[in-house]
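Sequence lines set the chain letters: A, B, ... in the order given, protein chains first and strands last, and positions in each chain run from 1.
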Amino acid sequence: MAKVILPNGEVREAHRVSFLELLGREAKYAAAVLVNGKIWDLRETVPATGEARILTLSDPQALEVLRHTAAHILAHAVTRLFPGTKLAIGPAIADGFYYDFRFEKPVSHEDLAHIEEEMRKIVEEDLPLERVWIPRAEAERLLRERGELYKLELLAEIPGEEISFYRQGEFLDLCRGPHLPSTGLVQHFKLLDLAGAYWRGDSTRDMLTRVYGTAFVTAEELEQFLRWREEARRRDHRVLGPKLDLFSIQNEMVGAGLVLWHPKGARIRRLIEDFWVTEHYKAGYQLVYTPHIGRSRLWQTSGHLDFYRESMYSPIIIEEQEFFLKPMNCPFHIGIYKTKTRSYRELPIRYCELGTVYRFERSGVLHGLLRVRGFTQDDAHIICRPDQVEEEIKSVLRFALFILRSFGFTEFTAYLSTRPEKFIGNPEDWDRATEALRQAVEDEGLSYEVKAGEGAFYGPKIDLEVQDSLKRPWQLTTVQFDFNLPERFDMTFIGPDGREHRPYMVHRALLGSLERFLGILTEHYGGAFPVWLAPIQAVVLPVSEKEIPYAEEVAAKLLAEGIRAEAWTKEGKTLRWLVREAQLQKIPYILICGAREAGEGKVALRLRTGEDLGPHPLSEVITRVQGAVANRSTVL
RNA sequence: GCCAGUGUAGCUCAAGGGGUAGAGCAUCCGCCUUGUAAGCGGAAGGUUGCCCGUUCGAGUCGGGCCACUGGCUCCA
């Protein structure tokens, strides 16, 4: 007899009946059942022993089941509307679900509406989802008959003689479940997008059409998700960037993936760079500059020409020598290290550089500022003795968190990638390095995930992911050991024993690249940058042309106080127009000067939030702005 | 690179199932002298992404390139 715990806490004992039967009339509140940590269908039979907990739709674990069932409804609708479509796979994912198809004719976004309509019908029909076990030979015959080549391929990999299928009405799909008991429970869903996807993620195989959708338990949750999606779209840095006049990318004239930083974007970049450089000096780093190109010999030695060539720009040939645009800064930093014999007393050496690199990325992957072909990494290489590794890694991580927090990020997840099967260097070094990384994240109290075997062949690493204001994850910081380059370049230091030793080298970038970082910051703040980063911090608006001299005087005073201010004295524009423009530009402080204020050395203060704070003495406003800057505050 | 979609003025978008491109904002010129998210009028602005083709005639149909968008893959 197994114990079955109902959602209301009631416990029933039973076996040999299905959960559905056991629940009787109460089944309508149930979605699935949790049996020894696994989710089952309600149509399964109660096991002989153990404990089972009935899940309702409001249980988080049931959401995945709901979405998986929604994927089946999608596939069902597609096979009704487009007979002959081949089915691939259709799982639940973080934000919903998808199903991959091979359509006989291309489908368009308009078709999504029809598919969704058909899905609604299937939900209306409230078809029971039944699990059927079909002998392997029979299953194969069935799939072959329907020409389901992808399903056949999946079948070949499934062990056992009895194969699990799910049936809803006339629709039958190879699937291990679990599913909701009936299609009627999937009430709140929406198809979102159409995209291409390779069969099994393999670019040499068929390109399928992926239909994305999402499903929620309640209408409110669905609504909220769609609003969130809308908000994310509104914050798109590719839209905000040109609107706020931060940057542009001009494919035809300049080239795809190459960024032009406009004055305002450049202003933000400069502020980031200044902060970055100052803090790096404080943290014991030494700033270096290195060239954009280097001889082929350098890249031969580093191994880039062997392993990275497809991502590098073609060589420039001059005086019969080949030069390559740098895809990374490391070889140059190593070059600096190697200009003399280094003593163990000099270590650690920390070289940092805002180094601009060029990588050839396939045109299809370019994406605004987030994926470009020329970008500036906030790079550094730490060269240290093995006995310094723990301390160095700890301080790198602490430093990284300090920098990221300064930009307003508060939520972090760390990913520790460990030794892959194919690796270089000796296992003891790997273990020591990996342990140092682990210790550092634990000391900082970060939640982390281990990605076993996912390190690069040359060393383990830690990546820090931040969450932005919309809870979207972005990978920024990376701290990576390198057991390859010190070897290839024969980097050494003289130890206390008077002999040569191999140093450890750590490669790290905190912000990733300035391009990507600006993109992320823009989306994080929706373009409303904190005062210390705002390209223009205050705009001074005259009520009429009579107040233009006073507005200019106010702006000059602000400038003298180190505040980035502008007086807008455009002729022929009303105050309403100017206020609107200032708000759209998301300028934090809007200072309005009319006859009333001009006489008393005051300004009427309005915030970009739309809040009208009324007249204030100018000195008070200056203190306020300077305070927000000093605290790097997001509060105005 | 691959699949699908898109490409019209600086921006956002219009132009029955071919008939010779139009509006708002921005720009410029006037008028208005303004009190917290768009005052009014006028002007100028286009080789409809590029190249071929079909046609009496192509923004519209066909082919090829290029770019972008959504993804796949990859990554800072």
May I have the distance from R200(A) (atom CZ) to C2(B) (atom C1'), rounded to whole angstrom?
19 Å

How is the base pairing of RNA chain B summarised as a dot-bracket string, given the Watson-Crick and G-U wobble criteria with both distances under 3.5 Å, [ ] for crossing and | for another strand?
(((((((..((((.....[..)))).(((((.......))))).....(((((..]....))))))))))))....

Looking only at side-chain atoms of Q583(A), point me to the closest of A37(B), C72(B), C75(B).
A37(B)

If a pair satisfies side chain to side chain donor-acceptor pair (under 3.5 Å) and one of its residues is in residues 587-603 of chain A, list it, with sequence neighbours excluded.
none

Looking just at side-chain N and O atoms, do Y458(A) and Q480(A) make a donor-acceptor pair shorter than 3.5 Å?
yes

Starting at CD1 of I587(A) and ending at P of U36(B), how long is that distance when rounded to a whole Å?
19 Å

Can a donor-acceptor pair be found between the side chains of Y150(A) and R200(A) at a distance below 3.5 Å?
no

Is F517(A) touching bases, backbone alone, or none of the nucleic acid, heavy atoms closer than 4.0 Å?
nothing

Have a look at E515(A) and say if it touches a base, only the backbone sugar-phosphate, or nothing, with a 4.0 Å heavy-atom cut-off.
nothing

Gap between atoms CG and P, on L192(A) and G70(B) respectively (whole Å)
14 Å

When we call it a touch if two heavy atoms are under 4.0 Å apart, what does R210(A) touch: a base, just sugar-phosphate, or nothing?
sugar-phosphate

Measuring centre to centre across the rings, with the benzene-like ring taken for any Trp, is F101(A) within less than 6.0 Å of F103(A)?
yes

For E553(A), give me all partners under side-chain contact (heavy atoms from CB on, under 4.5 Å), at least two apart in sequence or on another chain.
Y550(A), K557(A)

If you measure only the distance, is there a donor-acceptor pair under 3.5 Å linking the side chains of T214(A) and D95(A)?
no

So, is H507(A) close to the A76(B) phosphate, meaning a side-chain N or O under 4.0 Å from OP1 or OP2?
no

Which is more 5' along RNA chain B, the nucleotide nearest L605(A) or the one nearest I249(A)? Just name the residue.
L605(A)

To the nearest angstrom, how far is L354(A) atom CG from A76(B) atom P?
17 Å

Between atom CD in E454(A) and atom C1' in C74(B), what is the gap in whole Å?
14 Å

Round to the nearest Å and state the distance from R608(A) atom CZ to A37(B) atom C1'.
16 Å

Establish, yes or no, whether a centroid distance under 6.0 Å links the rings of Y212(A) and F97(A).
no

Does R580(A) make a side-chain N or O approach to OP1 or OP2 of G39(B) shorter than 4.0 Å?
no

Which of these nucleotides, A76(B), U36(B), C2(B), is closest to any side-chain atom of Y198(A)?
C2(B)

At 4.0 Å (heavy atoms only), tell me whether V357(A) reaches a base, stays on the sugar-phosphate, or touches nothing.
nothing

Separation of M312(A) CE from R309(A) CZ (nearest 0.5 Å)
7.5 Å

Does the ring centre of Y285(A) sit less than 6.0 Å away from the ring centre of F399(A)?
yes

Give me the distance, rounded to whole Å, that separates G30(B) from U12(B) when you measure between the P atoms they each carry.
30 Å

Between S248(A) and H262(A), does any side-chain donor sit less than 3.5 Å from a side-chain acceptor?
yes

Rounded to whole Å, the CG-C1' distance (D100(A) to G71(B)) equals 10 Å

What is the distance from CZ of R233(A) to P of G70(B), rounded to the nearest Å?
9 Å

If the sugar-phosphate is the primed atoms plus P, OP1 and OP2 and the base is the rest, what is the B/S/- string for nucleotides 27-35 of chain B, using protein heavy atoms under 4.0 Å?
S----BBBB

What residues form a side-chain contact (heavy atoms from CB on, under 4.5 Å) with S302(A), not counting sequence neighbours?
W299(A), H304(A), P331(A), L485(A), F489(A)

If you round to the nearest 0.5 Å, how far is CD1 of I268(A) from CZ of F247(A)?
10.5 Å

In the structure I gave you, are the side-chain heavy atoms of E392(A) and V506(A) within less than 4.5 Å of one another anywhere?
no

Interface polar pairs with nucleotides 3-5 of chain B, N/O, under 3.5 angstrom:
unit_1, atom_1, unit_2, atom_2, d
C3(B), O2, G196(A), N, 3.3

Is L584(A) touching bases, backbone alone, or none of the nucleic acid, heavy atoms closer than 4.0 Å?
base

